[in-house]
Each structure stands twice: as structure tokens, then as C-alpha cells.
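Protein chains get the first letters and strands the later ones, always in sequence-line order, with residue 1 at the start of each.
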Amino acid sequence: MIAYLMCIILFSLGLYCILRKRNIIKIIIGIIIAEYAINLFFILVGYRMEGRAPIHAPDQKIVNMVDPLPQAVVLTSIVIGLASIALLIAIAIRIYEKYGTFDITKIKELKG
Amino acid sequence: MIELYILLGIMIVGAIIAIEIKDLLSSIVAVGAVGLVLSITFLILKAPDVAITQLVVEILALIILIRATLKKDLPFSTSGRWYFNTLITISFVALFFIVGVKCFKDLPAFGYPIMNVAATYLKDGLAQTGATNIVTSVILDYRVFDTLGEATVLFTAVIGVLAIVRSIGRKKQNQKIEEEDE
Amino acid sequence: MSREREKGMSLIVKTITRLTVGLILLYGIYILSHGHISPGGGFAGGVIIALSFVHLMLAYGKETALKKLPKTVMSLFESSGAILFLGIALLGFTGGYFFLNFLPKGQPFRLFSAGIIPFCNIAISLKVGAGLFAIFVALVLLKYEKNKKD
């Protein structure tokens with residue numbers, strides 16, 4: 001239960017960073033931290049006490065295995081996260097080229 | 001499980017440093033540290049596939065972030081409605097936190113998951129697919145449509161990046177120079 | 001000679017890169033081809049293969065890396081990865097339904113086992129590796145253009 005609590009603290013930190021910071025790169029960092037927290041939460045839900053990794057071995061002793069389903073879901077989620085972060089960074093670089101700043105309060109004038 | 005709590009504590013401290021430090025490059029390095037500790041946490045939680053993927057993806061994300069933000073400064077301004085904005089943000093995050101904590105009682109206890117579907121995968125996975133790695137047999141046999149959708153999302157993201165980054169034809173040179181002169 | 005040395009990083013980095021880049025590529029191929037019997041798989045293997053080319057590009061500059069893997073070849077790899085994945089899926093119709101594991105399962109714990117799963121891994125790794133390297137190249141080329149103007 002404490003592990004869930006710390007995981008949601010991590011997500012709240014990411015949410016605070018997204019909502020409060022003004023620099024675009026800081027906002028992207030907040031998105032990355034929130035994504036880490038969500039991935040970690042999936043793996044935490046699937047953990048099993050005294051279990052082993054879900055890979056069969058020829059001479060295995062322990063029969064309990066952890067839940068393989070959240071791991072499979074998170075595995076695709078990580079790669080998608082990298083691609084979406086690259087997309088965000090491309091947009092941020094374009095904004096920097098056009099306005100010369102990363103500050104979102106200075107980008108109010110939309111001049112086409 | 002004391003090492004799990006230590007690693008989670010290190011991740012929280014690293015996240016606070018990454019959020020609050022003034023220098024952008026130091027902030028990105030702190031995010032990289034959080035990602036590496038997350039990789040070790042996955043290894044402790046018995047998820048080696050996810051740990052390997054997290055490690056290599058973290059390295060690539062770090063390189064891309066550093067390439068994007070090298071030699072850029074961080075504007076720091078406390079003008080505007082500073083107290084008001086901070087108050088609104090903190091109250092919203094606190095509300096979210098309280099609601100999230102209230103939802104915990106519906107979750108299974110830590111270490112004892114509900115494994116209705118996964119029990120079938122673990123029992124029949126080796127016989128039905130022939131793969132000894134159950135995670136691979138889930139993502140490439142039982143739930144392969146998920147992977148197909150993931151490939152589509154990745155393709156769309158690559159096309160999006162190339163479309164945003166692409167320089168526009170012949171008019172580009174004159175236009176850009178004009179804009180920089182302004 | 002001196003102009004070549006100016007591009008990319010110093011001589012030490014270049015020498016170490018020449019020694020290690022093949023090993024990194026080989027490790028990526030190992031990770032992806034053994035994905036069904038050990039930890040790893042198409043995603044991690046593809047990202048490691050992309051990282052080996054990123055390594056080459058960071059050390060030697062963009063010309064050398066793009067000579068090894070030009071943009072047309074990159075887009076060809078990505079498209080062929082997608083088409084290979086869909087083709088494997090469509091071949092399942094020979095036995096009944098989409099994504100049927102139609103090949104013989106083979107013996108567990110052997111490299112050639114598990115039917116279509118190794119081929120799916122190869123397709124996904126082609127797609128992921130080429131796609132992520134394309135993203136990296138696009139971002140780096142944009143940076144270079146901006147530096148040239150300054």
C-alpha cells in the first residue's frame with residue numbers, strides 16, 4: 001500500500017510540473033515523469049509476492065509467476081511514449097525557432 | 001521489500017530536483033537519473049523485459065532531449081499572478097491526490113494480484129504458443145492486435161515528426177531570412 | 001585529413017566507437033532474435049539497433065552515418081517492417097483467421113521454435129529501429145540547419 005502511495009506522489013509531482021511551469025521543456029519533463037509513474041503503477045499492480053519473472057526455465061523450482069499482462073501492456077506503452085515525446089520536442093523546437101523563447105507566457109501573440 | 005521503498009524514494013527526490021532546478025541541462029540529467037532508477041525498480045519487480053526496454057528507451061530520450069535543449073536558457077519570471085496560480089495548481093493537485101488515495105481500497109493488496117486471465121496465459125502459454133517467454137507470447141500471440149495498433153501509432157508519430165521538421169520547398173530561404181530580420 | 005577530424009568528436013571517441021559499434025549492433029540482433037526464449041524482444045532489440053547508428057552519428061558526424069544508412073533505405077526498412085508484419089498476419093488466413101500461429105511450434109527452449117513469433121519480432125524491430133532513427137536524424141538535421149544560419 002505504501003508503494004501505491006509513493007507512486008501516486010510521483011504522478012502528482014508530474015502533474016504539478018505540467019500545470020505550474022512556464023518553460024515548454026519543463027512541461028515535457030513533467031509529462032515524462034507522469035508517464036514513468038503510470039508505467040510503474042501497472043507493474044506494481046501485477047507484482048506477486050515470492051514470484052518469479054514470467055519466463056520458463058528448464059529447471060525451475062518456484063512455480064508462482066508474476067502477472068505477465070501488465071508487463072506486456074507497459075512494454076508497448078514505453079515505446080509509444082518515446083515517439084510522442086519526440087513529437088513534442090519537434091513542436092517545441094519549431095516554437096523556439098519562430099518566437100525565440102520557450103516561455104509560454106511570451107507566446108501569446110499568434111501571428112500566423 | 002525495503003529496497004523497493006528506497007528506490008521509490010530516490011525517484012521522488014530525483015523528480016523534485018528535476019522539477020525545481022533552474023538549469024535546463026541539469027533538469028534533463030535528473031530526469032535521466034529517475035529513468036535509470038525506474039529501470040532498476042522494474043528489475044526488482046521481476047519484469048526484465050520492461051527493464052531492458054526502459055533502459056534503452058531512456059538513453060535515446062535523453063540524447064534527443066539534450067540535442068533539443070543544448071545552449072538554451074531558462075527564462076525565469078515571477079511576474080503576474082504568482083500566488084494565485086500556485087494556489088490553484090496546488091489545490092487541484094491535492095484534490096487529485098485525495099481522490100486517488102480514496103480509490104486505493106478497491107485495488108488488490110500489493111503483492112496479491114487478481115490473475116483471472118493471466119493464470120490461463122501462465123498455464124497454457126508454453127503449450128499453445130511454444131514461446132518460453134510469456135510476455136512475448138502475450139504481446140505477439142494472444143494480444144497481437146495491441147501490437148498492431150502500437151505499430152500504427154509509431155508510424156503516425158514518425159510521419160508527424162517528419163512533417164513538422166520538414167523544411168518547406170524553395171520559398172524557405174527568403175522567408176526565414178525575412179523573419180530573422182524582423 | 002584535418003577537415004575530417006573536425007567533424008564529429010575527438011580521435012579517442014572515434015577509435016572507441018569504431019571498436020564498439022559492431023558489438024552494439026550484434027547485441028541488438030541477439031536480443032531481438034532470442035526474444036521468445038529470454039528477456040528482450042522486438043522493441044528492445046530495435047531500439048538497441050537504432051542506438052548503434054545514433055552512436056555512429058554522434059561520434060563521426062552525420063555524413064558517415066547517413067552514408068551507412070541513407071534516408072531512402074531507412075524509409076524502405078520501416079515500410080518493409082510494417083508490410084512484413086501485416087503479411088505474416090494475412091498469411092494466417094491460410095489456416096482460418098488473422099494472426100494465426102500457423103507454423104509448427106517446435107521444441108521449447110530452442111532458437112527455432114514458437115512458430116511466427118520470431119518473424120514478428122524481426123518485423124517489429126525493423127519498424128521500431130528505422131522509425132526511431134528517422135526521428136533522431138530529422139531532429140539533428142533541423143539543428144544543423146539552424147546552426148548554419150547563425
Side-chain angles (χ1 to χ4, degrees), chain A residues 1-10 12-17 19-20 23 25-26 29-30 32-33 36 40 43-49 51-56 65-69 71-72 74-76 78-80 82-87 89-94 96 101-103 105, chain B residues 4-5 8 11-12 15-16 18-19 24 27 31 34-35 38 41-42 45-50 53-54 57 60-61 64-65 68-69 72 74-75 86 89 92-93 96-97 100 104 110-113 115 117-118 121-122 126 132-135 138-139 143 146-147 150 153-154 157 160-161 164-165:
Chain A
M1 201 54 71
I2 304 174
Y4 292 160
L5 195 68
M6 291 169 101
C7 188
I8 204 168
I9 287 174
L10 197 63
S12 299
L13 284 174
L15 195 63
Y16 170 78
C17 187
L19 291 174
R20 185 65 191 91
N23 195 313
I25 299 295
K26 284 274 185 177
I29 284 171
I32 293 174
I33 290 172
Y36 285 169
L40 179 63
I43 299 291
L44 280 175
V45 167
Y47 181 70
R48 190 169 179 181
M49 282 293 173
R52 54 170 288 153
I55 294 164
H56 289 289
M65 282 188 180
V66 300
D67 198 347
L69 194 52
Q71 297 188 14
V74 166
L75 198 58
T76 58
I78 288 174
V79 181
I80 290 178
L82 177 60
S84 63
I85 285 165
L87 190 60
I89 289 172
I91 296 173
I93 290 176
R94 276 300 186 200
Y96 188 85
T101 178
F102 275 137
D103 196 347
T105 56
Chain B
L4 176 65
Y5 301 134
L8 283 170
M11 281 174 65
I12 290 174
I16 291 173
I19 290 169
L24 265 189
S27 175
V31 169
V34 175
L38 180 66
T41 313
F42 284 154
L45 290 172
K46 307 281 169 31
D49 296 273
V50 189
T53 311
Q54 171 67 37
V57 162
L60 195 51
I64 290 177
L65 269 171
T69 64
K72 307 263 170 64
L74 172 65
T86 310
T89 307
F92 177 72
V93 172
F96 173 83
F97 184 77
F104 277 168
F110 176 65
Y112 301 96
M115 294 171 65
V117 188
Y121 291 161
L122 288 177
L126 184 55
T132 53
N133 189 349
I134 305 290
V135 176
V138 171
I139 64 171
R143 302 209 166 206
D146 196 359
T147 312
E150 187 271 345
V153 171
L154 189 66
V161 170
I164 289 170
V165 160

### Query
In terms of heavy-atom pairs under 4.5 Å with chain A, which of B/Thr132, B/Ile16, B/Asp49, B/Ile139 leads?
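Of the options given, most contacts go to B/Thr132.
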
### Query
What option among B/Thr147, B/Val31, B/Val117, B/Asp146 has the most heavy-atom pairs under 4.5 Å with chain A?
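If we count pairs closer than 4.5 Å to chain A, B/Val31 comes out on top.
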
### Query
Relative to chain A, which segment of B/Tyr121 carries a heavy atom at a distance below 4.5 Å: side chain, backbone, both, or neither?
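For B/Tyr121, the contact with chain A is made by the side chain alone.
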
### Message
Between B/Val161 and chain A, with a heavy-atom cut-off of 4.5 Å, which part of the residue counts as in contact: side chain, backbone, both or neither?
### Response
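Both backbone and side chain.
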
Looking only at heavy atoms, what is the nearest atom pair of [X] and [Y], with distance?
{"X": "A/Ile9", "Y": "B/Phe97", "result": "CG1-CE1, 3.7 Å"}
{"X": "B/Ile12", "Y": "A/Met6", "result": "CD1-O, 3.8 Å"}
{"X": "A/Tyr47", "Y": "B/Leu45", "result": "CD1-O, 3.5 Å"}
{"X": "A/Val66", "Y": "B/Lys46", "result": "CG2-O, 3.6 Å"}

Under a 4.5 Å cut-off applied to non-hydrogen side-chain atoms, are [X] and [Y] in contact?
{"X": "A/Leu13", "Y": "B/Val93", "value": "no"}
{"X": "A/Tyr36", "Y": "B/Thr41", "value": "no"}
{"X": "A/Pro54", "Y": "B/Asn133", "value": "no"}
{"X": "A/Ile32", "Y": "B/Leu65", "value": "yes"}
{"X": "B/Leu4", "Y": "A/Leu44", "value": "yes"}
{"X": "A/Gln71", "Y": "B/Ile134", "value": "no"}
{"X": "A/Ile85", "Y": "B/Ile64", "value": "no"}
{"X": "A/Ile33", "Y": "B/Ile19", "value": "yes"}

Separation of [Y] [atom2] from [X] [atom1] (nearest 0.5 Å):
{"X": "A/Leu75", "Y": "B/Glu150", "atom1": "CG", "atom2": "CD", "result": "8.5 Å"}
{"X": "A/Leu15", "Y": "B/Phe92", "atom1": "CG", "atom2": "CZ", "result": "5.5 Å"}
{"X": "B/Ile164", "Y": "A/Arg94", "atom1": "CD1", "atom2": "CZ", "result": "8.5 Å"}
{"X": "A/Leu5", "Y": "B/Leu8", "atom1": "CG", "atom2": "CG", "result": "10.5 Å"}
{"X": "A/Leu69", "Y": "B/Leu122", "atom1": "CG", "atom2": "CG", "result": "10.0 Å"}

### Task
Please state whether the rings of B/Phe104 and A/Tyr4 are parallel, tilted or perpendicular, taking 30° and 60° as the class boundaries.
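Plane angle between 30° and 60°, so tilted.
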
#### Entry: Selection from A/Ile2, A/Ile78, A/Leu10, A/Val45 maximising heavy-atom pairs under 4.5 Å formed with chain B
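Most heavy-atom pairs within the cutoff with chain B belong to A/Ile78.
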
### Task
Would you mind checking which part of A/Ile89 comes under 4.5 Å of any heavy atom in chain B, side chain (CB onward), backbone (N, CA, C, O), both or neither?
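Only the side chain of A/Ile89 comes within 4.5 Å of chain B.
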
#### Entry: Residue A/Val74 versus chain B: region with a heavy atom under 4.5 Å
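For A/Val74, the side chain is the part near chain B, not the backbone.
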
### Message
Between A/Arg48 (side chain only) and B/Pro113 (backbone N and O only), is there a donor and an acceptor less than 3.5 Å apart?
### Response
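Side chain of A/Arg48 to backbone of B/Pro113: no pair is present.
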
#### Entry: Check: A/Lys26 side chain, B/Ala18 main-chain N or O, donor-acceptor pair, under 3.5 Å
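Judged by distance alone, yes, a pair lies under 3.5 Å.
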
### Message
Within a 6.0 Å radius of atom CZ on B/Arg143, are there more than 12 heavy atoms belonging to other residues, nucleotides or ligands?
### Response
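Not more than 12 within 6.0 Å, no.
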
